[in-house]
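Beneath this line is the structure, given in structure tokens, with notes to follow.
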Amino acid sequence: MQRISLKQTLSQKLSPQQIQFIKLLQVPTAELETRIEEELEANPALEEGEDDEIGADSENSDSEKTEERDDEIGLEDYLHDEYSGYKMAGDGPNPDDENKQTPIVSGSSLLERLENQMGFRKLSEREQEIAKQIIGSIDADGYLRRELEAISNDLAFSKNIEAEYDELENLLFEVQKLDPPGIGARDLKECLVLQLKRKKSDPIRRKAIELLESSFNEFSKKHYEKIQKKLDVDAEELKEIIAEIIKLNPKPGGSSDVAQTRNEYIIPDFIIVNNDGDLEISLNSRNAPELRVSRSYSEMFQAYDKSPKKDKGMKQAVSFVKQKLDAAKWFIDAIKQRQETLMKTMNAIVQFQYDFFLEGDEGKLRPMILKDIAERINMDISTVSRVANSKAVQTEFGIYPLKFFFSEGIATDSGEDVSSREVKQMLKRFIEEEDKKKPLSDDKLEKLLKTKGYQIARRTVAKYREQLGIPVARLRKEL
């Protein structure tokens, strides 16, 4: 038997305005202009420029002018053509486009040079086609990472050529004879061996080839004692062999086939100036665009309210106008709220890390987590996170991402907390000053840090070392 029951639940939903604010908050400065341009194109009720609200005193005269314009324009036109009178892509040259950089294509790509070289080799038409397919599968750094079986399938489907594995491998060897040396290698070991075999043979190079072919795993892990025993060489000779290998190019393709691309620059969201100890914070002007609601759209709506004639078409047209006006007001409010939230967050960070912003000394950074700032500005942690993850600040000491200032605390012997960044700096210094023949293990690094008063576990040392991009002691070893 079917039962009907009534259940009451309480749930929290974000309004469209809140969603819009959240999306705008996490947009970095570099993308904000694009987002505003998109909104300007999509909503003709939104305009650039300072806010110019209609005064109450001039309302009557303005309304009369509006009614005259209504006869000429017609509100129904806006119902069927919401972009009427708006500049769209392709309408003509845009002066802003002149400032855009375009990639400069290099004279000839790696692919073209390889194909040109292959054309001089004595190969049949079929072999040339297969060789071209192999060359076309080579990555930008010069490696062939696609399996030969997969290339065989490509040939069968695209060119109706049936090629066995042995034939493909023989033609791959032909490709590997081209310049630059090492091109077409399937892994790093093959790449280095190919380069050594192209050099004039001598005892050191022969030993280098032997090392790579028989002890590549030990070489990659820097197990030098094992290599010495296997090759029957002393430490000095092994040093010469490794020096020969290090001179080789691990990426023979380089970036010759990649178009020159423009450099990526960090655009700061905030600018901090030290005025005799008084830290002045300002928003990047790109974060504070001048936007306003269209005066003509506002006048249209006022004219409708005073108009005695309200047929169905008129109501639909004005409903559309009202929707656009509301959307424009919400967007402007969201931009203002974004500015206020950014400034609140940055002010709190500067107050918390005042000593750093005054002198630029990383050792003076205090432990600070998202919760610390969220409590100071009375906002949710997720809001602070959105600001910190995509924003940067320009100081007299350089440009820093906001997340740079957030770090956990480490206890010291004195009972005080210090920033994990300070511990990382100390860890980095120990590793830079270590004896590279006997690099410090994580256990030894832990003990050294404790002698400096930092109470830290070995696993935390390993975590910080990895975050700094420093390999384990065994891989830091040098002869």
Side-chain angles (χ1 to χ4, degrees), residues 218-228 235-236 238-239 242-243 246 274 277 279 348-373 375-376 381 384-385 388-389 393 395-479:
E218 288 86 349
F219 171 71
S220 62
K221 293 179 179 178
K222 296 194 175 183
H223 288 159
Y224 295 134
E225 294 83 0
K226 291 182 181 179
I227 296 172
Q228 279 183 249
E236 194 59 37
L238 181 60
K239 197 172 183 179
I242 290 173
I246 289 172
N274 184 352
L279 298 175
I349 292 173
V350 169
Q351 288 170 13
F352 206 103
Q353 304 288 9
Y354 180 80
D355 291 339
F356 169 81
F357 286 105
L358 207 58
E359 301 176 22
D361 183 358
E362 289 187 21
K364 294 191 175 181
L365 281 171
R366 296 169 57 196
M368 183 178 77
I369 58 176
L370 295 172
K371 186 180 178 183
D372 295 327
I373 299 303
E375 288 176 349
R376 285 193 172 211
I381 290 175
V384 179
S385 176
N389 283 333
V393 57
T395 71
E396 295 177 357
F397 322 106
I399 297 176
Y400 296 88
L402 290 199
K403 58 185 176 183
F404 171 85
F405 304 106
F406 292 86
S407 62
E408 57 190 349
I410 300 292
T412 63
D413 287 342
S414 61
E416 296 179 357
D417 275 357
V418 295
S419 168
S420 59
R421 195 171 298 280
E422 180 180 329
V423 180
K424 286 179 185 178
Q425 289 297 319
M426 185 65 68
L427 182 64
K428 188 177 179 182
R429 192 187 310 164
F430 284 145
I431 292 172
E432 286 174 351
E433 295 173 356
E434 71 185 357
D435 181 358
K436 295 303 177 185
K437 292 183 179 180
K438 294 179 181 179
L440 299 167
S441 66
D442 290 344
D443 285 327
K444 289 179 180 177
L445 288 168
E446 176 198 351
K447 290 173 183 174
L448 282 171
L449 286 168
K450 283 183 175 176
T451 62
K452 297 292 183 179
Y454 302 110
Q455 297 304 313
I456 187 169
R458 191 201 64 79
R459 64 178 179 275
T460 309
V461 172
K463 182 179 80 171
Y464 288 172
R465 177 180 50 71
E466 288 170 4
Q467 288 174 355
L468 289 167
I470 298 172
V472 295
R474 174 170 44 77
L475 297 180
R476 301 199 304 273
K477 188 175 181 181
E478 295 177 6
L479 288 170

Check: Is the closest side-chain heavy-atom distance between Arg458 and Leu445 below 4.5 Å?
Finding: no
Check: Do the non-hydrogen side-chain atoms of Lys452 and Phe430 ever get within less than 4.5 Å of each other?
Finding: yes
Margin query: Quick check on Lys436: does its NZ atom have over 12 non-hydrogen neighbours (other residues, nucleotides or ligands) under 6.0 Å away?
Written below: yes
Margin query: My understanding is that only residues two or more places apart in sequence, or in another chain, count here; which of them pass side chain to side chain contact (heavy atoms under 4.5 Å, CB included) with Lys437?
Written below: Asp435
Check: How close do Phe397 and Leu358 get, heavy atom to heavy atom, and via which atoms?
Finding: CZ-O, 3.6 Å
Item checked: Heavy-atom side-chain proximity of Val384 to Phe406 below 4.5 angstrom -> yes
Item checked: Heavy-atom closest pair, residues Ala473 and Pro439 -> O-CG, 3.0 Å
Item checked: Under 3.5 Å: donor-acceptor pair, side chain of Arg474, backbone of His223 -> no
Checklist line | side chain to side chain contact (heavy atoms under 4.5 Å, CB included) against Lys463, all qualifying residues, sequence neighbours excluded | finding: Glu408, Gln467
Next item on the list: First locate atom NZ of Lys226, then atom CZ of Phe219, and finally report the distance between them rounded to the nearest 0.5 Å.
Entry: 15.5 Å
Item checked: Value rounded to 0.5 Å, distance of CG in Asp442 from CD in Glu466 -> 8.0 Å
Next item on the list: With Arg366 as the cation and Phe352 as the aromatic partner, state whether NZ or CZ is under 6.0 Å from the six-membered ring centre and within 45° of the axis.
Entry: yes
Note to self: Ile399: which residues meet the side chain to side chain contact (heavy atoms under 4.5 Å, CB included) condition with it, sequence neighbours left out?
What the structure shows: Ile266, Pro268, Ala392, Gln394
Next item on the list: Would you please name every residue forming a side-chain hydrogen bond (donor to acceptor under 3.5 Å, both in side chains) with Asn389, sequence neighbours left out?
Entry: Ser385
Checklist line | side-chain hydrogen bond (donor to acceptor under 3.5 Å, both in side chains) partners for Glu446, two or more places apart | finding: Lys450
Note to self: Applying salt bridge (charged side-chain N to carboxylate O under 4.0 Å, His left out), can you list everything that pairs with Arg476, at least two apart in sequence or on another chain?
What the structure shows: Glu434
Checklist line | ring pair (Phe, Tyr, Trp, His ring centres under 6.0 Å) against Tyr400, all qualifying residues, sequence neighbours excluded | finding: Phe356, Phe404, Phe405
Margin query: For residues 348-361, which residue pairs pass the salt bridge (charged side-chain N to carboxylate O under 4.0 Å, His left out) check, not counting sequence neighbours?
Written below: Glu359-Lys364
Notebook entry, point to check: If you measure from CD on Glu375 to CD1 on Ile381, what distance do you get to the nearest 0.5 Å?
Noted result: 7.5 Å
Next item on the list: Could you walk me through whether Tyr464 and Ile456 pass side chain to side chain contact (heavy atoms under 4.5 Å, CB included), step by step?
Entry: CA-CA 11 Å; Tyr464 288 172; Ile456 187 169; 3.9 Å; yes
Check: Are the side chains of Met426 and Leu448 in touch, meaning some heavy atoms are under 4.5 Å apart?
Finding: no
Check: Quick one: are Ile431 and Leu440 in side-chain contact, heavy atoms under 4.5 Å?
Finding: no
Checklist line | Heavy-atom pair of closest approach, residues Ala388 and Leu370 | finding: CB-CD2, 4.4 Å
Margin query: I'd like to check the side-chain hydrogen bond (donor to acceptor under 3.5 Å, both in side chains) partners of Glu225; sequence neighbours left out, ordered by chain and number.
Written below: Lys477
Next item on the list: Could you grab the distance from atom CD of Gln351 to atom CD1 of Ile373, nearest 0.5 Å is fine?
Entry: 8.5 Å
Notebook entry, point to check: Which residues satisfy the side chain to side chain contact (heavy atoms under 4.5 Å, CB included) test with Ser220, sequence neighbours excluded?
Noted result: Asn217
Next item on the list: I would like to know whether Val472 and Arg465 meet side chain to side chain contact (heavy atoms under 4.5 Å, CB included); could you show each step before the answer?
Entry: CA-CA 8 Å; Val472 295; Arg465 177 180 50 71; 3.5 Å; yes
Note to self: Using only atom types and a distance under 3.5 Å, with no angle test, would you say the side chain of Glu396 pairs donor to acceptor with the backbone of Asn274?
What the structure shows: yes
Next item on the list: Search all heavy atoms of Pro367 against all heavy atoms of Asp372 and return the closest pair with its distance.
Entry: O-OD2, 4.2 Å
